[in-house]
Amino acid sequence: HPRVLGLMAGSRPVEVDAAMRVFPDAVHELRRRARGGEELRALLINAPDTDARACELLHRSGLGADVALNDSPGALRSALSRCDAVASVS
């Protein structure tokens with residue numbers, strides 16, 4: 001099964017902007033270094049207040065990540081359970 005790297009981009013626009021400056025490059029580099037055809041998928045976990053901004057920056061980046069909305073404790077648990085590792089910016 002593919003590995004999944006999650007990013008919690010933060011709940012403030014400045015955090016989202018900072019995260020989206022580094023996250024796409026990091027994922028592309030990790031994909032480049034993957035061994036034996038191992039697939040790495042990305043999951044952007046967004047706070048409700050910054051979801052639109054994060055999705056806009058994600059689309060511009062061309063990363064091709066999935067998106068999960070962190071709008072409740074259950075939604076956050078569900079998103080985190082899909083990830084093998086998570087990075088956070090705050």
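Only heavy atoms go into these numbers, but all of them, side chains included; no hydrogens, no water, no symmetry mates. The first residue of the sequence shown is numbered 1, and numbering continues consecutively from there.
Within the structure, side chain to side chain donor-acceptor pair (under 3.5 Å) contacts touching residues 17-28 (residues at least two apart or in different chains) are Asp17-Arg53.
Using a 4.5 Å heavy-atom threshold, the side chains of Val16 and Met20 count as touching. Between Leu30 and Arg3, the closest side-chain pair of non-hydrogen atoms is not below 4.5 Å.
Nearest heavy-atom pair, Cys83 versus Gly6, reported as atom, atom and distance to 0.1 Å: SG-CA, 3.7 Å. The two residues Ser78 and Ser81 make their nearest non-hydrogen contact at O-OG, 2.7 Å. The minimum heavy-atom distance between Val67 and Cys55, with the atom names listed, is CG1-SG, 4.0 Å. Minimum heavy-atom separation, Asp66 to Arg41: OD2-NH2, 2.5 Å. Across all their heavy atoms, Leu40 and Val27 have their closest contact at CD2-O, 4.1 Å. Considering all non-hydrogen atoms of both residues, Arg31 and Ala42 come closest at NH2-N, 3.9 Å.
Val22 meets the side-chain contact (heavy atoms from CB on, under 4.5 Å) test with no other residue; sequence neighbours excluded. Partners of Ala34 according to the side-chain contact (heavy atoms from CB on, under 4.5 Å) rule, which considers only residues two or more places apart in sequence or in another chain, are Glu38. With sequence neighbours excluded, no residue forms a side-chain contact (heavy atoms from CB on, under 4.5 Å) with Ala26. Shown here are the side chain to side chain donor-acceptor pair (under 3.5 Å) partners of Asp71, two or more places apart in sequence or in another chain: there are none. Residues satisfying the side chain to side chain donor-acceptor pair (under 3.5 Å) test with Arg77, not counting sequence neighbours, are none. Not counting sequence neighbours, the partners of Arg32 by the salt bridge (charged side-chain N to carboxylate O under 4.0 Å, His left out) test are Glu29.
Connection of Leu69 to Met8 is not established within any shared hydrophobic cluster, with ILVMFWY side chains joined at heavy-atom distances below 4.5 Å, either directly or through further cluster members.
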Verdict with reasoning, Asp84 to Leu5, per side-chain contact (heavy atoms from CB on, under 4.5 Å)
CA-CA 6 Å; Asp84 294 292; Leu5 175 62; over 6 Å; no

Show me the donor-acceptor pairs within less than 3.5 Å that the side chains of residues 43-52 make with the rest of the protein, sequence neighbours left out.
residue, atom, partner, partner atom, Å
Asn46, ND2, Asp51, OD1, 2.8
Thr50, OG1, Gly10, O, 3.1

With a cut-off of 3.5 Å and sequence neighbours excluded, list every side-chain donor-acceptor pair involving residues 56-64.
residue, atom, partner, partner atom, Å
Glu56, OE2, Arg60, NH2, 2.2
Ser61, OG, Leu58, O, 2.7
Ser61, OG, Leu63, N, 3.2

